[in-house]
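Down below is the structure, laid out as structure tokens.
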Amino acid sequence: MGAIVQFKNVTYNYPLSDIPAIKDINLSFEKGKFYGVIGENGSGKTTFCNLIRGFAPSFYKGDLKGEVLINGKATVDYDEGDLALNIGYVFQNPFNQISGVKDTVFEEVAFGLENFGVPVDEIERRVVDIMKLTKIEHLAEKNPFSMSGGQQQRSALASIIVLEPDILVIDEPTSQLDPEGTESVFEIIAAMKAAKKTIILVEHKVDLIAEFADEVIVLKEGQVIRSGKTQDVLSDLSLLEHGVQLPQMAIIGDELIKRGVPLDYIPVTTSQAMEQLEKLLNKEAK
Amino acid sequence: MWREKLKVVKENKIAGLYPFTKLWIVLFYSICAMILGTITVDGYPIYMILSFVIVPILAILTGIMKKVGGVLKNMAFLSFFIIVVQGILVKSKDIIITLNIFNFFNVNLYKQSLQYGLVLAFSIMCMGGILAWFFGSTDNKELISALESKGMGPKASYVFLSTLQMIEVLQKSSKTIMSAQQARGVETEGNVFVRSKAFIPSMVPLILSSITNTEERVLTLESKGFLVKGKKTKLYDVSPNGKEKIAMVSIIIYTVIIVLWRVLLWVL
């Protein structure tokens with residue numbers, strides 16, 4: 001599969017800042033894969049997302065060196081609207097993703113399609129389908145401002161997914177949600193993964209990244225310090241020294257190995273840990 | 001069909017009038033009220049005061065008296081305050097009555113000041129009242145749909161609609177901020193001096209959070225193609241209900257009568 005997003009020698013400074021927020025990044029993202037982006041606070045994750053979506057430098061201005069390419073074309077060369085159709089962006093704060101001009105969730109989800117001049121019948125069909133997929137049908141007639149954070153975030157996801165972008169950039173969508181809200185949002189993200197969308201997800205909840213991501217990118221001070229397959233990256237305990245959180249299972253697995261438990265590899269997910277434990281227990285039983 | 005479900009259906013024929021027709025009613029009524037304020041009986045704007053009666057009657061006929069009743073009450077309170085202040089504190093030629101307060105000082109009610117106060121107060125009542133009727137009987141999306149069909153751009157309609165929605169949202173945010181500040185030890189309840197001390201710690205976070213939220217909201221709009229040039233689809237369209245002609249004829253006749261009356265008084 002070809003690269004759908006590419007960073008070529010990208011360095012970016014915000015206006016009036018001498019310190020680059022992103023330094024010398026060279027990365028390629030394959031179509032249809034799920035990428036997790038992790039790193040401590042201030043490592044440049046949101047700036048990274050803004051560069052993919054084209055908000056930097058078009059909205060934030062600043063100084064961009066190198067190129068960010070979407071389907072082979074630089075983000076700075078895209079027309080208004082084309083990037084919105086190619087890349088869906090979901091922010092951290094569910095409240096800020098409500099347009100503020102629609103009285104119901106149905107209209108909120110339809111808002112993007114209205115802006116693109118999609119015919120009314122098609123709008124209705126697509127919105128109904130997306131509401132089913134994101135399980136917000138029962139919220140269709142509710143005022144977006146009267147919903148819980150989890151409901152608002154699901155509605156925000158729905159209103160982006162309905163535009164059928166090939167790429168989804170999702171910046172800490174669950175940081176302001178309770179566990180139930182988090183689970184409901186990740187159900188939708190899992191459905192998008194199953195639909196073979198290219199997903200770039202910034203998250204602090206590394207256990208969930210471990211469950212879903214094909215590959216992980218670790219940022220620190222604007223630079224990529226590690227990238228690769230999820231299993232390889234999230235089992236690298238040296239990342240703890242860089243302020244990066246690792247999955248609970250990886251830390252437990254590492255401790256068990258240090259204490260002489262013969263695990264085949266450091267697990268990063270609960271299912272991997274269970275598989276290893278079952279194997280050990282079966283060995284013991286024999 | 002969802003579109004049919006979400007359509008604003010109004011059984012009341014007055015409430016269901018096309019928004020521009022209602023705007024014309026607001027305009028003509030306000031002009032007539034101002035003209036009637038110049039037609040006095042012994043200096044008192046009796047006809048202007050009588051014309052205000054149209055507002056609550058219209059609200060009752062439109063079926064929105066409960067909605068606008070509170071607004072009218074608040075305006076009445078404000079107007080009463082204006083009348084009293086104007087009539088008592090602004091000296092003029094004639095005194096209607098002198099009240100002796102606890103044998104301590106006299107309070108005079110001045111005739112010309114009272115008359116002027118009544119004109120001021122009922123200007124507010126008439127124009128404010130008819131605007132309350134308009135906004136009480138017209139959904140925001142009806143108004144925006146009508147304005148857009150006349151060529152108002154999407155940016156302007158967005159600013160208008162979001163301002164109306166945000167008032168309620170900001171009220172909720174301010175309550176949350178006040179509770180948070182209370183939890184931090186800021187006193188928000190009590191006398192005027194206590195509350196005024198809480199003003200800055202309450203307002204600053206509200207203003208700052210509104211500014212930071214605005215940035216993300218702008219990007220959200222951009223993510224949803226708001227700035228894309230080209231024709232936008234309208235999921236919802238407002239259409240006349242067929243009673244617009246009667247309404248326009250009625251308000252025009254009313255206006256012509258008032259204007260003719262005023263002109264005749266000048267001439268005669």
Side-chain angles (χ1 to χ4, degrees), chain A residues 50 53-55 58-60 79-85 87-93 95-125 127-128 131 137 140-141 143-146 156 159-160 162-163 165 169 171, chain B residues 1-8 138-145 147-148 152-173 176 209-237:
Chain A
N50 286 339
R53 179 52 186 77
F55 293 145
S58 69
F59 178 80
Y60 289 107
D79 289 332
E80 274 172 15
D82 285 349
L83 272 178
L85 280 176
I87 310 174
Y89 196 115
V90 179
F91 298 82
Q92 238 180 59
N93 188 338
F95 176 79
N96 293 341
Q97 293 174 94
I98 299 170
S99 66
V101 294
K102 298 296 179 185
D103 295 329
T104 64
V105 169
F106 185 94
E107 290 163 299
E108 188 66 36
V109 174
F111 181 57
L113 295 171
E114 285 182 297
N115 291 329
F116 283 106
V118 174
V120 172
D121 289 332
E122 194 183 331
I123 290 179
E124 184 157 344
R125 180 188 58 77
V127 171
V128 167
M131 285 200 302
E137 281 167 290
E141 290 176 79
N143 188 306
F145 284 114
S146 68
S159 60
I160 292 296
V162 80
L163 296 173
V169 178
D171 187 2
Chain B
M1 288 258 275
W2 276 103
R3 275 174 8 243
E4 296 305 316
K5 247 191 195 177
L6 296 169
K7 220 175 179 172
V8 178
T138 311
D139 269 37
N140 294 337
K141 63 185 182 190
E142 283 183 299
L143 178 58
I144 291 302
S145 180
L147 287 168
E148 283 179 347
M152 184 164 90
K155 282 185 189 171
S157 48
Y158 179 83
V159 169
F160 183 80
L161 262 181
S162 61
T163 306
L164 293 172
Q165 289 239 22
M166 282 301 153
I167 292 168
E168 206 181 301
V169 169
L170 283 173
Q171 277 175 335
K172 281 189 192 155
S173 292
T176 309
S209 64
S210 300
I211 292 169
T212 50
N213 287 345
T214 299
E215 179 185 295
E216 221 164 73
R217 191 160 274 119
V218 167
L219 295 176
T220 294
L221 289 178
E222 216 266 294
S223 302
K224 295 179 183 179
F226 183 70
L227 300 174
V228 167
K229 290 180 177 62
K231 199 166 188 286
K232 295 187 192 301
T233 309
K234 276 205 294 186
L235 205 59
Y236 172 79
D237 222 344

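Below, chain A is the first sequence line, B the second, and so on; all start at residue 1. Computed from a predicted model, the values in this text were never measured in an experiment.
Of the residues considered (A:V118, A:V127, A:L163), A:V118 shows the highest number of contacts with chain B, using heavy-atom pairs under 4.5 Å. Among A:R53, A:Q92, A:K102, the residue with the largest count of heavy-atom pairs under 4.5 Å with chain B is A:R53. Your options are A:F95, A:F55, A:F111, and the one with the most heavy-atom pairs under 4.5 Å with chain B is A:F55. When each of A:P165, A:A156, A:G117 is scored by its heavy-atom pairs under 4.5 Å with chain B, the top score falls to A:G117. For the set A:L85, A:L113, A:I98, the entry with the most heavy-atom pairs within less than 4.5 Å of chain B is A:I98. Note: B:L219 leads B:L219, B:L227, B:L221, B:N140 in heavy-atom pairs under 4.5 Å with chain A.
One distance of note links OG1 of B:T233 with CD1 of A:I123; it measures 4.5 Å at 0.5 Å rounding. Atom OH of A:Y60 and atom CD of B:E215 lie 3.5 Å apart (nearest 0.5 Å).
Heavy-atom minimum distance, B:G225 versus A:A84: N-CB, 4.2 Å. Between A:D103 and B:K141, the closest heavy-atom pair is OD2-CD, 3.9 Å. Closest heavy-atom contact between B:E216 and A:N96: OE1-ND2, 3.2 Å. Considering all non-hydrogen atoms of both residues, B:T220 and A:Q97 come closest at CG2-O, 3.5 Å.
At least one side-chain heavy atom of B:N213 sits under 4.5 Å from a side-chain heavy atom of A:N93. In this structure, the side chains of B:E222 and A:Y89 stay at 4.5 Å or more apart for every pair of heavy atoms.
Looking at B:K229, the atoms closer than 4.5 Å to chain A (heavy atoms on both sides) all sit in the side chain, from C-beta outward. In this structure, the portion of A:V128 lying under 4.5 Å from any heavy atom of chain B is its side chain and not its backbone.
The number of heavy-atom neighbours closer than 6.0 Å to NZ of B:K234, taken from other residues, nucleotides and ligands shown, is above 12.
A side chain to side chain contact (heavy atoms under 4.5 Å, CB included) with A:V101 is found for exactly one of B:I144, B:L161, B:V159, namely B:L161.
In terms of modelled atom types and a separation under 3.5 Å, the side chain of A:S159 and the main chain of B:K224 share no donor-acceptor contact. A donor-acceptor pair under 3.5 Å is formed between the side chain of B:Y158 and the backbone N or O of A:S99.
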